[in-house]
Enquirer: 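Mind looking over this structure? Questions follow.
Here is the naming used below: chain letters follow the sequence lines, and residue numbers restart at 1 for every chain.
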Amino acid sequence: MDPAFFEKEVQSSEIDAILEELNLESTVVNNGSEGDEELNKLESSYEAKRLKLRKELNDAMKKLEQNSKAASERIYAVLRSQMRVRPIDEQDFQRAADAIRRRHESAQFEIKQYVANCLLVHRRNIEQARKKRKNFDKDTTSILQAYFDKHLDHPYPSEEHKQMLAQQCGITVQQVNNWFGNQRIRRRKQIEDSRLQHEQNSEMYCQDGSNLEQLIQPSGIIEMPLEDGSQQKLFIIHPQPNQIYYQAFDGDMYMPGPSNSEIHQIYGANEDFQQ
DNA sequence: GCCCATGATTCACG
DNA sequence: CGTGAATCATGGGC
């Protein structure tokens, strides 16, 4: 598991919601003997950690309570003793009480934040184990797709870019790796399958009559949305490192695809990462 | 319930 | 170590 995934601090607004889980009787959802060993073990270990954290939180709060009480008693004693040498009014007591209350509250917050953080980490583990696989949501895939399509000539994001993508998508770097790995292979396969299909209806020539075999291997394939809602496959051709053009396949003939600028109107709108 | 897309896992390679 | 390739396992649409 990617540690960075857990590193972000718990938002203060979430803390109480997270801590509520500590008050539950039990979080074990497994209804008895069913389920796999691995999950049961995880669940009981999570339950143990949860109970431990609950006790820790309780103890810390009690201790803090006592400390604050003792502190305010000390302050009051000091103030009372000073009354003999200087005038001390109700406001002085009030200020002292406020100061102690503020310290008390900030300490309380820190404890809660710490416990909530611990709990969250453990909860993520158990959640991960419970639901085995979940498809990424639409936003996530479109972000990844956009990056991939923009770097078709070299769809290998750097470590930095992987982290940015992960953060942007709300997934782990490992998941970004998986996605790009799968994507590279499956796109290549897609291209290969398309070529094979085309080769099957043997006589295929470009507009100028030249044979397919002379064509440069496409380095990528994208699906361009058409006005009628359907999608058209476009092959990406890199004749030279800095050159790019697109080829569409229409019936049994390769046609020049849309120009690069047209493509960019469709795909290029989203901001790019700096290379 | 089937089927394919898709995320994850595993292993080999350089 | 990062990647490619094969494979597994699940999700989700029909």
Enquirer: Would you check if the side chain of A:Gln163 reaches a backbone N or O of A:Glu160 as a donor-acceptor pair within less than 3.5 Å?
Expert: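 Not confirmed, A:Gln163 side chain does not pair with A:Glu160 backbone.
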Enquirer: Could you label the plane-to-plane angle of the A:Trp179 and A:Phe148 rings as parallel, tilted or perpendicular, counting under 30° as parallel and over 60° as perpendicular?
Expert: perpendicular
Enquirer: Check this for me: A:Tyr114, atom OH, are more than 12 non-hydrogen atoms of other residues, nucleotides or ligands nearer than 6.0 Å?
Expert: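 Open: at most 12 neighbouring heavy atoms sit under 6.0 Å from OH of A:Tyr114.
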Enquirer: In whole Å, what is the span from the CG atom of A:Leu165 to the P atom of B:dG7?
Expert: 14 Å
Enquirer: For A:Ile171 and B:dG7, give me the distance from atom CD1 to atom P, rounded to whole Å.
Expert: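 Answer to the nearest Å: 9 Å.
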Enquirer: Nearest to the A:Trp179 side chain among B:dG7, C:dG2, C:dT3, which nucleotide is it?
Expert: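 The nucleotide sitting nearest to the side chain is B:dG7.
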Enquirer: Salt-bridged, A:Arg187 to A:Asp149, with N to O below 4.0 Å?
Expert: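 Yes, charged N to carboxylate O under 4.0 Å.
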Enquirer: So do A:Tyr156 and A:His151 actually touch side chain to side chain, heavy atoms under 4.5 Å?
Expert: no
Enquirer: Assess the side chains of A:Asp139 and A:Ser142: does a donor N or O sit below 3.5 Å from an acceptor N or O?
Expert: no
Enquirer: Who are the side-chain contact (heavy atoms from CB on, under 4.5 Å) partners of A:Gln91, not counting sequence neighbours?
Expert: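 Residues passing side-chain contact (heavy atoms from CB on, under 4.5 Å) with A:Gln91: A:Asp89, A:Arg95.
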Enquirer: Quickly work out the A:Lys162 NZ to C:dC1 P distance and round it to whole Å.
Expert: 14 Å
Enquirer: Provide, to the nearest angstrom, the distance between the CG atom belonging to A:Asn178 and the C1' atom belonging to C:dT10.
Expert: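 It works out to 15 Å between those atoms.
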Enquirer: Does a side-chain N or O of A:Gln175 approach OP1 or OP2 of B:dA8 to a distance below 4.0 Å, or not?
Expert: yes
Enquirer: Counting only non-hydrogen atoms, which of residues 181-189 of chain A are less than 4.0 Å from DNA chain C?
Expert: A:Arg184, A:Ile185, A:Arg186, A:Arg188
Enquirer: Hey, which sits more toward the 5' end of DNA chain C by its nearest nucleotide, A:Asn177 or A:Asn135?
Expert: A:Asn177
Enquirer: CG/A:Leu57 to NZ/A:Lys55 distance, rounded to the nearest 0.5 angstrom?
Expert: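 That separation rounds to 11.5 Å.
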Enquirer: Does the side chain of A:Leu144 reach to within under 4.5 Å of the side chain of A:Gln183, using non-hydrogen atoms?
Expert: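 No, every pair of side-chain atoms sits at 4.5 Å or beyond.
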Enquirer: Whole Å only: how far is the NZ atom of A:Lys138 from the P atom of B:dT6?
Expert: 15 Å
Enquirer: Taking N or O atoms only and anything under 3.5 Å, show me the protein contacts with nucleotides 12-14 of chain B, one pair per line.
Expert:
none

Enquirer: Please state how far atom CD in A:Gln190 lies from atom P in B:dC4, giving the value in whole angstrom units.
Expert: 15 Å
Enquirer: Rounded to whole Å, how long is the line connecting atom CZ of A:Phe148 with atom P of B:dT6?
Expert: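 For the pair A:Phe148 CZ and B:dT6 P, the rounded distance is 13 Å.
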Enquirer: Round to a whole Å and report the spacing from CZ of A:Arg133 to P of C:dT10.
Expert: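 The answer, rounded to whole Å, is 9 Å.
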